[in-house]
Amino acid sequence: MEDFVIRAEGVSKQFRIGGLNSSNSLRGYLENLLRSPIRAVRRADRVYSEQVDKAGHFWALHDVSFAIRPGEIVGLMGHNGAGKSVLLKILSRVTLPTEGHAMIRGRVNAMLEAGVGFHPELTGRENILLSGAIQRKKWAYINRQLDAITAFSGVETFLDTPIKRYSSGMRIRLGFAIAFHMAPQILIIDEAFTVEDSEFGARCQAKIQEMAQDGTTILIVSHNPEPIRAMCSRAMLLDHGHLIFDGAPGATLAEYHSHAR
Amino acid sequence: MQRNKNADDRAQSQMITHIRPASRLMPIHLGELWEYGDLLLLLIWRDLKVRYKQTIIGAVWAILQPLLMMGVLSVVIGWFSGIKTGDIPYPIFTYSALVPWNFFTNVLVQSNYTILNNSGLVTRVYFPRLILPMATAGIGLVDLAIALIILFLLIGLYGITLTWTVLLLPLFILMALLTALGFGLWLAALNVEFRDFGQIVPFMMQVWFFATPIAYPITLVPEALRGVYSLNPMVGVVEGMRWALLGKGAPSIDQMLISALIVILVLVGGVIFFRYKEVRFADVI
């Protein structure tokens with residue numbers, strides 16, 4: 001078998017959108033049941049975009065295939081609604097594909113948002129423990145990483161303060177620091193560089209490159225072309241759910257700009 | 001420090017995860033659930049800590065709730081209606097049933113919201129979703145333990161001597177736990193699909209309360225109806241707990257078996273249903 005850590009084959013994801021089905025309540029469901037004869041008529045006059053089929057199904061991802069080798073830093077680009085986040089959610093097993101399949105070798109740590117699972121009432125230290133447990137890490141391991149995490153995030157003096165007293169910047173820094181110190185084999189980061197603090201952004205970039213050199217594979221979504229150009233060895237471009245380009249970051253960025261919506 | 005990988009990490013490095021579309025019958029990975037044991041404990045601890053931080057009466061409420069109910073029932077049912085409970089004083093008769101009943105109600109009501117309350121986690125990170133309803137039941141167990149301490153104090157106060165049957169208490173607590181978890185799984189999954197389902201639950205619990213021998217002895221139920229009556233698994237739980245604690249009124253084996261069978265069916269069905277619905281949680285929330 002070839003050397004890969006992530007391999008996706010024909011991955012597609014379909015969502016049901018709008019329509020009478022979307023009521024999300026028991027009352028609505030019973031109403032629909034009574035009205036179902038009319039449903040077909042109502043549907044006929046809806047307007048479909050090219051991504052929506054006749055039955056009202058929206059294809060957020062369509063037949064996406066690729067393979068990523070160990071230690072690659074891959075950027076994932078695309079305009080809003082291109083399917084980037086859905087792809088990351090499938091690879092991190094938050095949601096399942098509708099069609100196709102993917103294989104992942106090794107442990108994935110996904111940071112789809114900085115500080116996922118943080119509870120405002122708990123202290124920084126308690127939240128670090130909780131975040132570690134969410135990433136299937138034992139307490140002993142997290143305790144060993146505690147110093148490195150606090151040093152990287154720079155929240156030392158606030159470690160025993162409830163997170164609700166943190167500034168949003170501190171919270172984001174802590175979230176990144178945790179994600180970087182869970183010894184991931186594959187690290188998935190969504191909207192990585194919306195970090196306001198440029199000094200911290202630079203530190204994250206350096207950390208990511210260091211991790212890649214140690215063999216960690218990294219998949220990053222970013223709206224910002226600069227970090228993609230600076231860090232990635234490769235970039236993929238999604239457009240309306242299709243993977244339309246996969247190559248060197250420079251070439252992908254050129255393609256990205258030519259596909260302005 | 002990154003290279004500080006333990007044996008656990010090395011084992012996982014060869015692990016291949018297959019990501020495939022959902023199937024109708026999703027397998028249950030018990031080993032994986034076990035690996036997430038830390039998360040289960042931390043979620044229970046988190047919710048308890050937050051609860052006691054945010055409410056002034058905190059732990060007191062877990063004690064007051066059944067005690068107040070005992071007072072009301074003792075006056076209205078025990079005194080006004082004059083229902084006879086043999087040689088067991090009415091307050092202790094009803095309180096010994098209110099303890100498992102309150103556990104059951106609290107777990108069911110909370111289970112409705114467990115997925116929605118943790119939507120931030122459910123939509124952004126993978127972990128076995130079964131952990132969430134399990135944590136809800138775990139929190140209920142802590143309250144149950146507090147209520148049991150009060151119960152033992154009351155037993156002492158009324159001068160009731162414990163018999164060997166008290167050794168069976170863990171068995172009936174387990175039965176209560178499995179019953180609550182079983183129904184909790186159904187409600188947790190249903191409430192994601194139908195957000196208004198939770199509104200039916202309090203009413204359902206009121207009806208259920210009267211279909212369970214909490215305020216009255218089971219001897220009031222006509223003999224011919226007892227089989228049907230025992231289809232309510234809380235009958236087995238309440239009768240069993242009362243017998244274990246007070247040493248009187250041994251439940252009939254038949255009724256106990258009916259209740260236990262229903263518990264198993266509800267639990268197994270609940271796990272299958274939850275796993276089936278779970279694959280869409282992140283998309284639906």
Side-chain angles (χ1 to χ4, degrees), chain A residues 8 11-13 15-16 24-29 89-108 110-113 116-122 126 129-130 132-141 144-145 147-148 162 180-181 183 185 190 210-211 214 216, chain B residues 1-6 8-9 11-23 26 32 35-43 45-47 49-54 118 120-127 131 190-200 278-285:
Chain A
V11 170
S12 301
K13 178 72 181 179
F15 288 104
R16 266 172 247 163
N24 219 356
S25 74
L26 188 61
R27 212 192 99 206
Y29 177 77
K89 279 186 177 182
I90 289 172
L91 294 177
S92 53
R93 295 167 73 199
V94 167
T95 185
L96 295 173
T98 311
E99 286 170 14
H101 65 98
M103 270 160 93
I104 292 187
R105 180 176 291 159
R107 195 186 47 255
V108 176
M111 196 187 73
L112 301 186
E113 192 184 292
V116 166
F118 278 1
H119 196 291
E121 293 287 343
L122 302 182
E126 292 165 344
L129 265 182
L130 186 60
I134 292 166
Q135 303 286 359
R136 214 200 293 208
K137 287 291 175 206
K138 297 285 167 214
W139 293 12
Y141 176 85
R144 279 205 305 276
Q145 298 294 323
D147 289 343
F180 289 150
H181 291 85
Q185 287 162 326
D190 198 356
E210 183 197 315
M211 290 170 81
D214 290 343
T216 305
Chain B
M1 217 171 288
Q2 285 294 313
R3 251 119 295 128
N4 219 347
K5 299 188 179 186
N6 50 33
D8 178 43
D9 282 348
Q12 287 186 24
S13 68
Q14 291 312 309
M15 183 184 72
I16 293 193
T17 312
H18 292 263
I19 298 172
R20 292 197 192 86
S23 54
M26 298 295 285
E32 190 191 51
E35 281 179 46
Y36 277 93
D38 277 6
L39 179 60
L40 174 62
L41 293 177
L42 274 170
L43 287 176
W45 166 83
R46 176 196 76 180
D47 285 359
K49 174 156 189 187
V50 169
R51 190 171 79 189
Y52 293 139
K53 238 180 191 174
Q54 284 176 336
N118 291 288
L121 284 180
V122 171
T123 55
R124 286 182 193 86
V125 61
Y126 172 81
F127 62 97
I131 294 282
L190 279 169
N191 210 56
V192 176
E193 200 98 346
F194 307 117
R195 295 294 163 85
D196 48 356
F197 203 88
Q199 292 167 16
I200 307 172
E278 173 196 314
V279 297
R280 296 217 313 131
F281 284 172
D283 300 341
V284 174
I285 286 178

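Each chain gets a letter, A, B and so on, in the order its sequence line appears, and its residues count up from 1.
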Trainee: What part of B/Ile200 lies closer than 4.5 angstrom to a heavy atom of chain A: side chain, backbone, both or neither?
Mentor: side chain
Trainee: For residues 96-104 of chain A, which side-chain N or O atoms pair as donor and acceptor with protein atoms under 3.5 Å away, sequence neighbours left out?
Mentor:
from     : atom 1 : to      : atom 2 : distance (Å)
A/Thr98  : OG1    : A/Gln14 : N      : 2.7
A/His101 : NE2    : A/Glu9  : OE1    : 3.3

Trainee: Could you tell me whether B/Arg46 and A/Glu126 have a side-chain N and a carboxylate O separated by less than 4.0 Å?
Mentor: no
Trainee: Find the one option among B/Leu40, B/Leu43, B/Val125, B/Leu190 whose heavy-atom pairs under 4.5 Å with chain A are most numerous.
Mentor: B/Val125
Trainee: Between B/Lys49 and A/Glu121, is there a side-chain N and carboxylate O pair less than 4.0 Å apart?
Mentor: no
Trainee: Using a cut-off of under 4.5 Å for heavy-atom pairs, which of B/Thr123, B/Leu41, B/Ile131 has the most such pairs with chain A?
Mentor: B/Thr123
Trainee: Taking C-beta and beyond as the side chain, do A/Met111 and A/Val116 meet within less than 4.5 Å on heavy atoms?
Mentor: no
